[in-house]
Amino acid sequence: MSSSKALHGEQAVQAVAKQLGRDLTLVERRVVEEEGFVPEIYKDTKGIDTYGVGQTGEYIKKGFPAALQAKAKRAAQRIPSLGQLPENLQAELIQAEYRGDLG
C-alpha cells in the first residue's frame, strides 16, 4: 500500500464499516485488519490501480463485498472442507486467499 491516506487495523475496520453502513462480519474484519483500507485509487507496488481493501480490476467498481465473495469462493475451491471448519479458521484462510498468501 503506497497511499499516504492508508488506514490500518481498527481504523480501517471502522472506515469500511462506515462505507458499508453496517458492522463487518468476522471474515470481513480479518481481511480489512490485514489488508488495510485506502479511500482513493492508488498504484500498488506492481503499478496496478487499486482501491479500498486492495481491490483491483472490476472490483474497484463492484466493491469490497463482491471482491471478498470471489476470494471466499476460490478459497472454498482450494479447501473443500472450508465450510466445516470453525469460523475463526475460515476467516484466517479466506483472508490468506484474499491477500494472495493461500495459493
Q) Between V53 and V38, does a side chain to side chain contact (heavy atoms under 4.5 Å, CB included) hold up when you go through it step by step? A) CA-CA 7 Å; V53 188; V38 180; over 6 Å; no
Q | Test log, rule side chain to side chain contact (heavy atoms under 4.5 Å, CB included), inputs K43 and D49 | A | CA-CA 5 Å; K43 298 280 187 194; D49 283 347; 2.8 Å; yes
Q: Please report the C-alpha distance between L82 and I94 in whole Å, then the side-chain angles of each, then the deciding distance to 0.1 Å, and finally whether the side chain to side chain contact (heavy atoms under 4.5 Å, CB included) criterion is met.
A: CA-CA 9 Å; L82 182 67; I94 292 170; 4.0 Å; yes
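For the side-chain contact (heavy atoms from CB on, under 4.5 Å) test, residues two or more places apart in sequence or in another chain that qualify with Q19 are F37, Y51. With sequence neighbours excluded, the residues satisfying salt bridge (Lys or Arg N to Asp or Glu O under 4.0 Å) with E33 are R29, R30. Under the side chain to side chain donor-acceptor pair (under 3.5 Å) criterion, T25 pairs with E28, sequence neighbours left out. For D23, there are no side-chain contact (heavy atoms from CB on, under 4.5 Å) partners at least two apart in sequence or on another chain.
The distance from atom OG1 of T56 to atom NZ of K46, rounded to the nearest 0.5 Å, is 9.5 Å. For the atom pair CG (L102) and CD (E92), the distance works out to 11.5 Å, reported to the nearest 0.5 Å. One distance of note links CZ of R99 with CD of E34; it measures 5.5 Å at 0.5 Å rounding.
Pairs passing the side chain to side chain donor-acceptor pair (under 3.5 Å) check and including a residue from residues 57-66, sequence neighbours excluded, read E58-K62. Applying the side chain to side chain donor-acceptor pair (under 3.5 Å) test to every pair with at least one member in residues 75-90, sequence neighbours left out, gives these pairs: R78-E97. Every pair passing ring-ring contact (aromatic ring centres under 6.0 Å, His included) that includes a residue from residues 80-103 is listed here, sequence neighbours excluded: F64-Y98.
A 4.5 Å side-chain heavy-atom check between I41 and I60 finds at least one atom pair inside the cut-off.
Note on L89 and L26: separate hydrophobic clusters, where clusters join Ile, Leu, Val, Met, Phe, Trp and Tyr whose side-chain heavy atoms are under 4.5 Å apart, directly or indirectly.
Here the closest non-hydrogen pair linking Q55 and A67 is CG-CB, 4.1 Å. The two atoms that bring P65 and R22 nearest to each other are CG-NH2, 4.3 Å, heavy atoms only. Residues L7 and A15 approach most closely at CD1-CB, 3.6 Å, considering heavy atoms.
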